[in-house]
Every structure is written in structure tokens, then in C-alpha cells.
Amino acid sequence: MTDPRPNRRLAAILAADVVGYSAKMNADEVGTQRGVSTWIDETVRPLIAAHHGRVVKLMGDGVLAEFASVVDAVACAVAWQQGAHPEYPCRIGVNLGDVIVEGEDIFGEGVNVAARLEGVAEAGGICISDIVQAQVRRKLEIQLEDLGEMSLKNIPEPLRVWRIAAGGPAASGEALPLPDKPSIAVLPFDNMSADPDYAYLADGISEDLITALSKVRWFFVIARNSTFTYKGQAVDITRVGRELGVKYVMEGSVRKAGNRVRITAQLIDAATGRHVWAERYDREIADIFDLQDEMTQTIIGAVEPEISAVERAQVSAKAPETLDAWQSYQRGVYHMWSYSAEDHQNALDFLTRATDLDPGFAPAHAYLAYVHYQGCIMHWSDDFDASLNAGMVAARRALAADERDAVAYFALGRIEMMQGNQREALAALETSVALNPSFAQAYHGLSMALVMDGQYDAATAAGEKAERLSPRDPIMWATFAVQAFNCILSRDFEKALVWAEKTLRHPNAAGYWPHAMMAASLARLGRTEEAARHAREVLRIVPEMSLKGLAGLYKTTQPDALEPYLEGLRIAGIPEG
């Protein structure tokens with residue numbers, strides 16, 4: 001006899017939909033459907049899977065996903081909004097509740113509440129139920145705003161609703177202090193074209209402006225990874241200035257029509273909202289690189305009029321020979337900063353294509369070298385020696401193409417460090433920050449190299465500099481992990497645990513590093529059961545992990561400098577080899 005009772009379980013439910021989907025469909029039905037489908041397959045599904053969830057079903061402009069852990073569900077929602085697609089801004093609701101299971105589908109009030117929470121969220125926002133906030137408040141590094149009780153459609157009782165505030169120091173009411181030199185944040189330009197592929201053009205212009213401005217040694221320029229967290233959002237310039245600690249904010253848009261492009265840009269005093277400068281450019285697509293140079297020089301002149309023409313000329317980088325090379329480079333960088341095993345091969349493929357199309361394009365070679373480094377540090381490569389050798393070749397080619405490219409020295413320093421050449425690594429990374437004083441990732445790399453050289457106090461300072469230059473960086477977890485590693489090697493295990501917990505709580509934390517830092521810190525503090533749990537997670541992510549392998553991978557200048565870390569992992573349960 002069939003059991004009439006429904007199959008039920010407790011689940012965390014995430015409901016999301018694309019804002020303005022109907023209008024997009026009316027404007028371009030085929031293009032919108034294809035674009036949303038591709039975005040879901042290439043970005044949303046891997047993101048949900050990376051947070052241990054599953055997609056239950058798609059509903060045109062919406063996604064319903066289920067998670068066993070409410071912490072995973074909220075972390076996924078935060079990561080989703082931080083890496084939001086500029087063409088498909090979303091609203092997200094998260095609930096924890098009882099669901100009815102029928103095959104692969106789920107139903108019930110738990111699902112309905114998640115859908116209603118999504119409906120009251122703003123574009124780019126996340127709303128969660130009261131039971132969710134109680135579960136995640138102390139487990140994730142987020143700011144919560146109490147919206148009070150709300151009557152939601154078809155939900156019988158009013159529910160208390162919480163909104164997850166945008167990340168960053170200003171979310172708690174504190175503003176970062178202004179640096180002692182002209183400071184600027186370049187927000188990602190909006191793609192106003194019907195073709196979603198032109199989001200890469202808009203992103204590329206923003207990134208090139210950031211790079212060029214960063215090379216002016218008396219500017220303080222916020223890193224790309226922090227400014228791009230505002231992508232696809234309607235922003236308050238004053239709030240951006242407070243959150244990032246800058247005087248000036250630049251925003252703009254790109255619109256393509258046929259073989260022409262229109263770019264608008266404006267520079268705003270963040271404290272007053274006053275427009276310092278604004279301009280509109282209409283050009284042929286073929287002139288895009290000359291246009292970027294022109295915009296950069298004009299902006300520099302607007303921010304700091306006394307900069308001489310000679311100094312301004314020095315910040316111009318060699319443009320690639322073709323737009324195809326530049327677009328391939330931009331796509332490779334996008335996948336590189338996504339920092340996932342799934343994106344790793346895509347980054348290699350696109351950057352290799354960019355270097356093949358234009359062998360003289362230094363940044364493409366440089367970031368190709370960095371992706372090879374990523375493959376080793378994250379254990380994505382099947383052959384570390386081969387990856388590092390390929391990375392060294394790419395770094396050398398970058399320097400041959402442009403001996404003053406800061407990214408080339410950054411990539412070279414990372415490869416030298418992994419090959420055990422710590423003095424050469426430090427020299428390369430110090431050259432990188434000298435060439436580009438606003439290059440946050442170079443300070444992050446310098447911090448790690450200083451740890452390997454036993455300069456623990458200097459490593460702390462370099463990590464702090466990286467955080468200040470990119471306070472909203474989606475991969476700031478990596479800088480936190482290096483700070484934890486630094487404290488472990490210097491035997492300050494209490495402080496190491498603080499940094500390790502901060503690493504693990506970061507919504508974008510990836511790979512085995514967060515769990516390895518937790519395992520080693522907890523083990524050295526005598527909390528062996530907790531340490532063992534994190535060690536098991538390390539081995540789940542990297543099954544072949546061993547102490548012998550780690551000892552061979554990380555080459556310190558001081559004998560036995562790695563021992564505090566290895567001993568912690570040994571106690572936690574990582575095998576010898």
C-alpha cells in the first residue's frame with residue numbers, strides 16, 4: 001500500500017530572478033533567451049554547485065536552488081551578487097523551511113517564502129527570512145539590515161525580513177580615511193548595447209583606465225576587483241566614496257551602433273557630488289585604443305592639472321594590434337579572477353589565444369604566467385613543474401614585450417617564489433609595486449614572498465596595503481589566508497586562527513587554503529577534533545594532498561620555517577606522503 005504522506009525535508013531555498021527580463025525579451029527575444037541560458041550554464045550553475053547546492057528548476061528569468069546548509073545558500077547569494085552579470089541584475093531571496101519533495105522538484109511554504117522574499121528584494125539585493133539571519137549572523141562576514149515585519153503575498157502570517165547590505169567598511173557606518181594623495185575609483189562602465197558580448201568592451205575600457213591611472217605614482221587608485229563589485233548596480237556615488245575611501249569616482253557607459261561606438265564618461269567629487277569633468281566620445285570601433293589613451297590623458301589632466309605632458313605620456317601602455325586579441329585577453333582575465341577550477345582552463349585558453357594573436361601584447365603574456373601560477377598554488381595543475389616552467393616563459397615574454405609592465409614583474413615574482421628563488425621573487429615584486437603603487441595584487445604577492453623569506457612583520461604590512469587598495473576585493477580571502485599562513489609560521493597561533501576564520505567566512509573563499517589554515521591553527525591550539533574536520537575537507541578538495549608534497553611546493557629561505565604549518569596539518573590528519 002502506498003504511503004499517502006508526502007516526502008518532506010528541511011532545506012535552504014534560494015530563489016532568484018532577472019530584473020527587467022520582460023523588457024529585454026520585448027527588445028530582443030532570441031538574444032535575451034540565448035544570453036540568459038548561456039549565463040546560467042556557464043556562471044550560475046557552477047556557482048551553485050561550488051556552494052554545495054543544486055538547481056531545482058529554471059523558470060525563464062528565474063532560478064530555484066536547494067542547499068543542505070543555509071550558510072552555503074547565503075554565501076552563494078552573496079557571491080552571486082558580488083560577481084553580478086551587468087546585463088542580468090538579479091533579486092534574490094533565501095529561506096530555511098520545510099519542503100515537499102516530488103522527484104527532483106520541491107514545493108511547499110518554504111519555497112513560497114523564498115520566492116516572496118526575492119520579490120521584495122531590490123535589484124542587486126538579497127532578502128532573507130528571520131530564521132536565516134539567526135543561522136548565518138555569526139558565521140558569515142555580512143552586514144544585515146532589519147526591514148521589520150512584512151505581509152507577503154499568499155503567506156498567511158507577517159514575516160520579519162532582513163536585507164543583506166552591500167559589503168565594505170561603510171556598510172557599518174564607518175568611512176575609510178582618504179589617502180594623502182589624489183584618490184580615484186573607476187566603476188565598471190555600463191554596456192548600453194543590445195549585444196551582451198559588448199560587456200567585455202565596457203569592462204575592458206574600465207580596466208585599461210584603472211591600469212593607466214595606477215601608473216601615475218602620485219595617484220591612489222582602487223583596484224579593479226573592488227570597483228567591479230558594483231557592476232550592474234545603481235550606485236550612490238557618495239556611498240562609493242565612503243566605502244572605498246576615495247575623493248573621486250568615475251563612471252561611464254558604452255553604446256555600440258554598427259561599426260561605431262559612443263562612450264560617455266564623467267568624473268565626480270564623491271564628497272559633494274559635483275561633476276569635475278564629463279565628456280562624450282563618438283568613434284569608429286577601429287579607433288578604440290587611441291580613444292582609451294585620449295580618455296586616460298584627459299582624466300589625469302582633470303584630476304591633477306599640473307601633471308606635465310611628459311609624465312602623462314609615460315602612463316600609456318602599448319595597445320594590442322587587434323581588437324580580437326584585446327577581447328580574448330579581457331575574457332581570459334574575467335575567468336582568471338573568477339578563481340575556480342572550472343574557470344582555470346578557460347583562462348588559459350583565452351589568454352593563450354590573445355598571445356597567439358598578438359605576441360607583443362605584454363599584459364596577456366603576464367596574466368598567462370599568473371594563471372599557470374594559480375594552477376600550482378590551488379592544486380589545479382596536473383604537473384606543477386611544467387606549469388611553472390610555462391609560467392616563466394610567459395613572464396619572460398611579457399618583459400621582452402614591455403620592460404616596464406608592472407603585471408609582468410608581478411607574474412615573474414610569483415613564479416620565482418614557487419620555484420624557490422625568493423630573492424629574485426622579492427626583487428620582481430618590489431619592482432612591480434614601484435612601477436604601479438596602486439597594484440593591490442602585487443602587494444598581496446609581495447606579502448606571500450616576504451612570508452617565504454621569513455620577514456613576517458613586513459609581510460603583514462604588505463597584506464594590509466593590499467586590503468586598503470582593494471577593500472571590497474572578491475578574492476581578498478587569499479590575502480587573509482596569507483596573513484593566517486604568516487602567523488602560523490611566526491608561531492602566533494591565536495592570531496592565525498582569527499585570520500583563518502576570516503578567510504573561511506569570506507563569501508568567495510575557494511579551494512583548500514581556507515580549510516588548511518583552519519586545520520593547522522586549530523591543531524596547534526590543541527583543538528584537534530575541529531582541526532581534523534577541516535583536514536578532511538582539505539583532502540576532499542585535493543585528495544592527493546600530503547605533507548611531503550607541501551614541503552616540496554613551498555620553498556622557504558629559512559631551514560624548517562614551514563614546520564609549524566606542517567606539524568599542525570600532521571596533527572590534524574594530513575598524510576605524510
Side-chain angles (χ1 to χ4, degrees), residues 50 75 79 82 139-141 167 223 225-226 336-341 344 370 373-380 413-414 417-418 429 440-453 455-456 458-525 530-531 534-535 537-542 545 550 553-554 556 561-562 564-566 568-569 572 574:
Q82 286 183 336
K139 297 174 184 173
L140 292 173
E141 201 168 73
N225 280 3
S226 277
M336 178 186 76
W337 289 131
S338 297
Y339 238 90
S340 74
H344 179 64
Y370 180 69
Y373 159 84
Q374 275 186 331
C376 297
I377 200 78
M378 299 299 290
H379 286 246
W380 295 330
R414 309 249 65 188
M417 184 193 78
M418 295 303 290
L429 290 160
Q441 279 298 310
Y443 283 102
H444 164 75
L446 180 60
S447 176
M448 181 69 172
L450 288 165
V451 172
M452 303 303 283
D453 196 47
Q455 300 185 51
Y456 303 126
T460 299
E464 290 170 350
K465 182 72 171 180
E467 187 175 2
R468 177 60 186 92
L469 284 164
S470 194
R472 288 171 57 99
D473 202 314
I475 63 165
M476 188 50 62
W477 64 267
T479 298
F480 297 160
V482 172
Q483 295 282 37
F485 189 51
N486 184 16
C487 291
I488 292 169
L489 297 202
S490 59
R491 298 179 180 273
D492 188 345
F493 302 122
E494 291 283 357
K495 188 179 289 186
L497 181 58
V498 173
W499 282 111
E501 289 175 334
K502 197 171 182 180
T503 304
L504 192 65
R505 286 197 306 268
H506 195 283
N508 292 85
Y512 79 92
W513 269 79
H515 292 285
M517 295 306 115
M518 287 292 294
S521 302
L522 288 165
R524 296 312 301 260
L525 292 170
E530 295 169 82
H534 289 284
E537 190 64 15
V538 169
L539 293 171
R540 183 190 67 79
I541 297 167
V542 185
M545 181 68 72
L550 288 172
L553 189 61
Y554 300 107
T556 59
L562 208 61
Y565 177 55
L566 297 178
L569 294 180
I574 299 298

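Quick caveat, the model's predicted, so the values are computed rather than measured. For this chain, numbers begin at 1 and follow the sequence in order.
Under the 30°/60° scheme for interplanar angles, the aromatic rings of Tyr512 and His379 are found to stand perpendicular.
Taking all atoms of both residues into account, the shortest heavy-atom contact from Ala531 to Ala519 is CB-O, 3.4 Å. Contact record, Cys376 with Leu553: O-CD2, 4.0 Å, taken as the closest heavy-atom pair. Closest of all the heavy-atom pairs between Leu569 and Ala516 is CD2-O, 3.6 Å. Smallest separation of non-hydrogen atoms from Ala500 and Ala484: N-CB, 3.8 Å. Met476 and Ala466 make their closest contact through CE-O, 3.8 Å (heavy atoms, listed as atom of the first residue, atom of the second, distance). Looking at every heavy atom in both residues, Ala561 comes nearest to Pro564 through O-CD, 3.3 Å.
Distance check, rounded to the nearest 0.5 Å: CG of Leu429 to CD of Gln441 gives 11.0 Å. Summarising the geometry, atom CG belonging to Leu450 is positioned 9.0 Å from atom CG belonging to Asn486; distances are rounded to the nearest 0.5 Å. Between atom CG of residue Asn508 and atom OH of residue Tyr339 there is a gap of 12.0 Å, rounded to the nearest 0.5 Å. Atoms OH and CG, on Tyr565 and Leu489 in that order, are 9.0 Å from each other to the nearest 0.5 Å. Glu464 contributes atom CD, which lies 11.5 Å from atom OG1 of Thr479 (distance to the nearest 0.5 angstrom). The CD atom of Glu530 lies 5.0 Å from the CG atom of Leu522; values are rounded to the nearest 0.5 Å.
In this structure, Trp513 contributes its side chain and Ile377 its backbone to a donor-acceptor pair below 3.5 Å. Using modelled atom types, one side-chain atom of Ser226 and one backbone atom of Asp473 make a donor-acceptor pair closer than 3.5 Å. Without hydrogens or angle criteria, Gln374 side chain to Met336 main chain gives a donor-acceptor distance under 3.5 Å. Side-chain N or O atoms of Thr460 include one that pairs as donor or acceptor with a backbone N or O of Tyr456 at under 3.5 Å.
For the pair Arg414/His444, a side-chain contact is recorded, criterion being any heavy-atom separation below 4.5 Å from C-beta on. Here the side chains of Val498 and Glu494 are not in contact, with every heavy-atom distance at 4.5 Å or above. Looking at heavy atoms from C-beta onward, His344 lies out of side-chain contact with Met378 at the 4.5 angstrom threshold.
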For this session: Go through the steps for Leu504 and His515 under the test side-chain contact (heavy atoms from CB on, under 4.5 Å), then give the verdict.
Result: CA-CA 7 Å; Leu504 192 65; His515 292 285; 3.6 Å; yes

Problem set entry | Steps toward side-chain contact (heavy atoms from CB on, under 4.5 Å) verdict (Met418, Tyr554) | CA-CA 6 Å; Met418 295 303 290; Tyr554 300 107; 4.1 Å; yes

Exercise. Can you check side-chain contact (heavy atoms from CB on, under 4.5 Å) on Arg524 and Leu497, steps first, answer last?
Worked result: CA-CA 10 Å; Arg524 296 312 301 260; Leu497 181 58; over 6 Å; no

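The side chain to side chain donor-acceptor pair (under 3.5 Å) check on Ser447 picks up nothing, with sequence neighbours excluded.
For the ring-ring contact (aromatic ring centres under 6.0 Å, His included) test with Trp499, the passing option among Phe480, Trp477, Phe485 is Phe480; the others fail.
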